[in-house]
Novice: 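Before we start, here is the structure in question, set down as structure tokens.
Convention: sequence-line order gives letters A, B, ...; per-chain numbering from 1. For the numbers below, each heavy atom of this structure counts, side chains included, while hydrogens, waters and symmetry mates do not.
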Amino acid sequence: MKWMKNAKTYTPPDFAVIRDDERCIRCKACVEQCSFDATFYDEDLDKVWNWEAKCVGCDRCAAICPVEAITIKKRETPYRYNYSWYGHIDGLKKRAAFGGTPVVSMGNDKPYPVYWDHMLLNASQVTNPSIDPLREPMELKTFLGRKPDFVEFKKDGSLKTKLTPQIELNIPIMFSAMSYGALSYNVIESLGKAAQEVGTFYNSGEGGLNKDHYKFKGNVIVQVASGRFGVHKPYLDVGSAIEIKIGQGAKPGIGGHLPGEKVSQTISETRMMPEGSDAISPAPHHDVYSIEDLRQLIYALKEATEYTKPIIVKIAAVHNVAAIASGVVRAGADIISIDGFKGGTGASPQIVRDNIGIPIELALAVVDERLRQEGIRQQVSIIAGGGIRCSTDVVKAIALGADAVYIGTAALLAIGCTMCQQCHTGKCAWGISTQDPHLSKRVNPDIASEKLINLLNVWALEIKEVMGAMGINSIESLKGNRLNLRAVGLSEKDMEILGILPAGE
Amino acid sequence: MHEINATDVHYKELNEEIRESIRNNEHDLILDGVCGQYYIGCGISNSNVKITINGVPGNDLGAFMNGPVINVMNNAQDGIGNTMNGGKIVIHGSVGDVLAYSMRGGSIFVKENVGYRACIHMKAYKEMNPTVVIGGCAGAFAGEYMAGGTMILLGLNKSETRPIAGVYLATGMHGGSIFIRGKISHDILWEKAEIEAVTNEDYTNIKNNVKEFCNIFKIDYNRVMDEEFVKVVPESSRPYGNLYIPGP
């Protein structure tokens with residue numbers, strides 16, 4: 001891609017690299033570690049210097065400097081302040097200079113409202129007691145899949161109703177769809193190990209599964225996206241559930257995009273693409289042009305797996321998500337996954353990531369409410385994702401109606417990501433979202449999986465703590481329990497859509 | 001040989017019966033009275049299995065299929081060979097839309113015409129090289145987003161009113177090849193796909209596939225090969241590379 005800095009186009013650097021030269025011991029670790037060609041060592045001057053225009057603020061050099069000599073600072077834009085134009089000037093100049101649209105990664109970073117931060121949780125006092133999670137068992141186990149309308153028992157007490165296939169989660173948190181291609185081999189290895197250890201699932205994403213990762217059978221949800229990368233019978237057999245990707249929160253309405261830089265030899269093999277070619281998942285699935293076509297695909301997958309696995313349909317949170325969800329349920333999906341507009345991505349055009357979609361909090365609330373009104377809520381489980389940042393976001397999501405949540409960005413942050421939004425370049429200095437074998441080694445699967453396990457265990461503990469305070473001892477009692485939420489600083493309409501009362505009432 | 005009467009049987013039961021027969025080591029199945037049942041052959045991995053269909057099968061015939069041979073003695077509908085990984089499908093008639101979507105291996109032979117959106121996003125890697133041979137004409141949007149594999153379009157019944165291929169041919173193509181018997185106009189072709197001459201190696205590939213096609217459908221091989229073929233290939237393997245620059 002033609003983006004080299006040249007005299008014809010100047011955009012001010014985003015970051016300043018401040019080096020305390022006295023502390024610097026010339027170990028040149030920062031020179032070696034910088035994958036964005038922003039750090040150099042000058043032999044003659046015996047000095048480390050930076051090409052700041054190339055610095056992306058990934059903080060790798062500051063993190064590994066043994067003498068803490070480096071500070072990365074966000075530069076203030078040098079332009080005279082203009083409220084309306086702030087944040088738009090450089091993007092416009094780049095488009096004019098290079099004739100292309102900027103591609104970004106990770107989630108929407110614009111200051112749209114975060115509804116999680118306007119919801120407060122209840123605690124039980126006096127009228128009913130809270131529960132001490134250190135003393136009493138708390139049930140975080142969840143089953144995802146279509147539930148029967150009623151259950152019938154035989155005379156001997158055994159179950160007469162035939163149950164549709166379910167997947168079992170030890171905690172209501174799963175790792176969301178991040179493809180092999182977007183992420184490095186070692187990171188997928190870490191996600192798989194952590195999912196196995198904790199007893200939950202990770203989602204393969206649309207890039208297929210490397211054969212080495214078939215060993216995670218039992219803890220993988222396999223995805224079938226419009227590009228159908230890596231989709232064949234053995235792949236479907238490895239998955240405990242199959243997810244049809246109709247949309248994604250970070251780029252609703254457009255397809256997936258893996259830049260050619262990240263299509264290495266192993267990615268080429270897994271996705272069956274020419275090496276170095278952009279791996280495009282078209283939008284829409286060119287065999288799914290209507291809800292009837294979606295039903296056809298759902299049942300094709302059910303037939304192919306002999307009705308032994310639940311089928312998940314992943315949709316992006318958009319304006320009429322309630323009606324779409326209702327259609328998806330009636331098309332035969334067992335689980336619906338809703339991805340809010342703050343969800344992350346490995347590559348998306350900036351205008352799409354920053355302007356399309358709606359918040360997951362609202363989408364979740366309206367889908368749950370609509371399905372209840374139509375009397376079909378039990379026919380699916382709902383998974384919510386898209387910017388879940390902490391354990392209380394998980395609790396609030398379940399209280400709004402989700403059965404479980406997907407975390408993506410949170411998992412990568414646990415491994416070491418600093419959200420510098422450069423995943424699409426394939427040069428991740430932390431070795432997370434790159435296919436460069438040299439960089440990928442920077443993630444050690446044993447250490448990274450331990451961090452993920454820690455994250456999930458701590459969140460589980462926090463969820464139990466908060467549930468205990470509410471006087472609830474199982475996720476089932478929390479699910480859809482909107483009376484445990486109160487709103488602060490939201491409008492009447494917001495509260496009406498979320499279905500929660502204002503604090504004080 | 002094992003006959004299954006499919007008249008008025010719901011697709012779920014029919015497919016269960018097919019799978020049960022295969023588990024009981026019946027490998028030569030004949031289905032009679034098929035009328036629109038979906039998903040026949042879906043997901044079956046056994047390469048020794050042969051299924052003959054008397055009647056018109058429904059959508060998604062051979063979807064995710066991984067080895068068997070299916071012979072349809074009539075027309076067929078949409079979604080044939082959807083994400084197929086291996087095996088062979090033969091249709092003694094015309095088919096509907098979305099043939100061979102995301103096909104990864106194996107081969108499909110269609111005696112007459114195909115509808116819209118044929119061979120979208122076909123893929124290939126090393127020995128996995130899918131081939132689709134179409135005796136008649138294709139509708140619009142054929143060969144879109146092709147990443148690999150071979151599509152051979154013979155146009156044996158083409159005419160003024162029925163061109164060999166529709167508009168938007170090979171849009172987004174970034175790999176693979178489309179061989180067309182005769183000439184096509186640049187008007188219907190995506191601007192980033194090119195028409196090239198066929199190499200000797202390509203001709204060997206074409207001849208082998210056409211021979212098989214003619215054997216199956218009892219068509220005169222010399223009559224098919226009496227016209228020159230052209231080859232449609234992508235201009236680059238990164239046709240959309242220039243649209244994007246790295247942000248933010």
Novice: Which one, B/I44, B/D97, B/V98, leads in non-hydrogen pairs under 4.5 Å with chain A?
Specialist: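 That would be B/V98.
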
Novice: Which residue out of A/H285, A/E269, A/R95, A/Q350 racks up the most heavy-atom pairs below 4.5 Å with chain B?
Specialist: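 Ranked by heavy-atom pairs under 4.5 Å with chain B, first place is A/E269.
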
Novice: Check the pair A/H424 / B/Y244 against side chain to side chain contact (heavy atoms under 4.5 Å, CB included), numbers first and verdict last.
Specialist: CA-CA 11 Å; A/H424 54 279; B/Y244 301 109; over 6 Å; no

Novice: How close do A/D278 and B/Y240 get, counting heavy atoms only, and between which atoms?
Specialist: OD2-C, 4.1 Å

Novice: Between A/S277 (side chain only) and B/S237 (backbone N and O only), is there a donor and an acceptor less than 3.5 Å apart?
Specialist: yes

Novice: What distance do A/D293 atom CG and B/N59 atom CG have between them, rounded to the nearest 0.5 Å?
Specialist: 8.0 Å

Novice: Rounded at 0.5 Å granularity, tell me how far CG in B/L14 sits from CD in A/E303.
Specialist: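 B/L14 CG to A/E303 CD: 9.0 Å, rounded to 0.5 Å.
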
Novice: Report which part of A/F229 has an atom under 4.5 Å of a heavy atom belonging to chain B: side chain, backbone, both, or neither.
Specialist: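 Contact with chain B involves both backbone and side-chain atoms of A/F229.
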
Novice: Around atom OH of A/Y307, are there more than 12 heavy atoms of other residues, nucleotides or ligands at under 6.0 Å?
Specialist: yes

Novice: Only pairs of heavy atoms separated by less than 4.5 Å count here; which of A/D90, A/V231, A/V104 has the most with chain B?
Specialist: A/V231

Novice: Examine whether an atom of A/Y289 lies under 4.5 Å from a heavy atom of chain B, and if so say whether it belongs to the side chain, the backbone or both; otherwise answer neither.
Specialist: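 A/Y289 touches chain B through side-chain heavy atoms alone.
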
Novice: Under a 4.5 Å heavy-atom cut-off, does chain A meet the side chain of B/M128, its backbone, both or neither?
Specialist: both

Novice: Can you say whether A/S268 sits under 4.5 Å from chain B via the side chain, the backbone, both, or neither, judging by heavy atoms?
Specialist: both

Novice: For B/R104, is it the side chain, the backbone, both or neither that has a heavy atom under 4.5 Å from a heavy atom of chain A?
Specialist: both

Novice: With a cut-off of 6.0 Å (strictly less than), are more than 12 heavy atoms of other residues, nucleotides or ligands near NZ of A/K211?
Specialist: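 Counting other residues, nucleotides and ligands, NZ of A/K211 stays at 12 neighbours or fewer.
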
Novice: Quick check: do A/Y299 and B/K12 have side-chain heavy atoms less than 4.5 Å from each other?
Specialist: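 A side-chain contact under 4.5 Å is absent here.
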
Novice: Within a 6.0 Å radius of atom CG on B/D8, are there more than 12 heavy atoms belonging to other residues, nucleotides or ligands?
Specialist: no

Novice: With chain B as the partner, which of A/G91, A/P349, A/G227, A/P274 has the greatest number of non-hydrogen pairs under 4.5 Å?
Specialist: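 Heavy-atom pair counts peak at A/G227.
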
Novice: Would one find more than 12 heavy atoms of other residues, nucleotides or ligands at under 6.0 Å from atom NZ of A/K162?
Specialist: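 It does not: A/K162 NZ has 12 such atoms or fewer within range.
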
Novice: So, B/Y145 side chain and A/I280 main chain: donor-acceptor pair closer than 3.5 Å or not?
Specialist: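 Answer holds: no.
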
Novice: How long is the gap from CG on A/D287 to CG on B/D78, to the nearest 0.5 Å?
Specialist: 10.0 Å

Novice: So which heavy atom on B/A147 is nearest to which on A/M273, and how close?
Specialist: CB-SD, 4.0 Å

Novice: Can you confirm whether B/K50 is buried at NZ, in the sense that more than 12 heavy atoms of other residues, nucleotides or ligands lie under 6.0 Å from that atom?
Specialist: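 No.
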
Novice: For B/P248, which of A/Q421, A/M106, A/R353, A/K94 qualifies under side chain to side chain contact (heavy atoms under 4.5 Å, CB included)?
Specialist: A/Q421

Novice: Checking B/I120 against chain A: side chain, backbone, both or neither under 4.5 Å from a heavy atom?
Specialist: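 Only the side chain of B/I120 comes within 4.5 Å of chain A.
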
Novice: Considering only distance and modelled atom types, tabulate donor-acceptor pairs under 3.5 Å from the side chains of residues 29-39 of chain B, sequence neighbours left out.
Specialist:
unit_1, atom_1, unit_2, atom_2, d
B/D32, OD1, B/N54, ND2, 2.9
B/Q37, OE1, B/C35, N, 2.8
B/Q37, NE2, B/A6, O, 2.8
B/Q37, NE2, B/V9, O, 2.9
B/Y39, OH, A/Q296, O, 2.9

Novice: To check you understand the geometry: which heavy-atom pair defines the closest contact between A/K233 and B/S45, and what is its length?
Specialist: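 Shortest heavy-atom separation between A/K233 and B/S45 comes out as CG-OG, 3.5 Å.
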
Novice: Using every non-hydrogen atom in the two residues, find where A/A300 and B/C42 come nearest and quote the distance to one decimal.
Specialist: O-SG, 3.1 Å

Novice: Please identify, among A/L236, A/T305, A/L301, A/D354, the residue contributing the most non-hydrogen atom pairs under 4.5 Å to chain B.
Specialist: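 Maximum pair count with chain B is reached by A/L301.
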
Novice: What part of B/N66 gets within 4.5 angstrom of chain A, counting heavy atoms only: side chain, backbone, both, or neither?
Specialist: side chain

Novice: Atom CD of A/E306 and atom CG of B/N15: how far apart are they, to the nearest 0.5 Å?
Specialist: 10.0 Å

Novice: Keeping to residues at least two apart or across chains, list the side-chain hydrogen bond (donor to acceptor under 3.5 Å, both in side chains) pairs with something in residues 123-133 of chain B.
Specialist: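 Matches after skipping sequence neighbours: A/Q265-B/Y125, B/S102-B/K123, B/H121-B/K123.
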
Novice: Side chain, backbone, both or neither: which part of A/R271 has a non-hydrogen atom closer than 4.5 Å to chain B?
Specialist: backbone

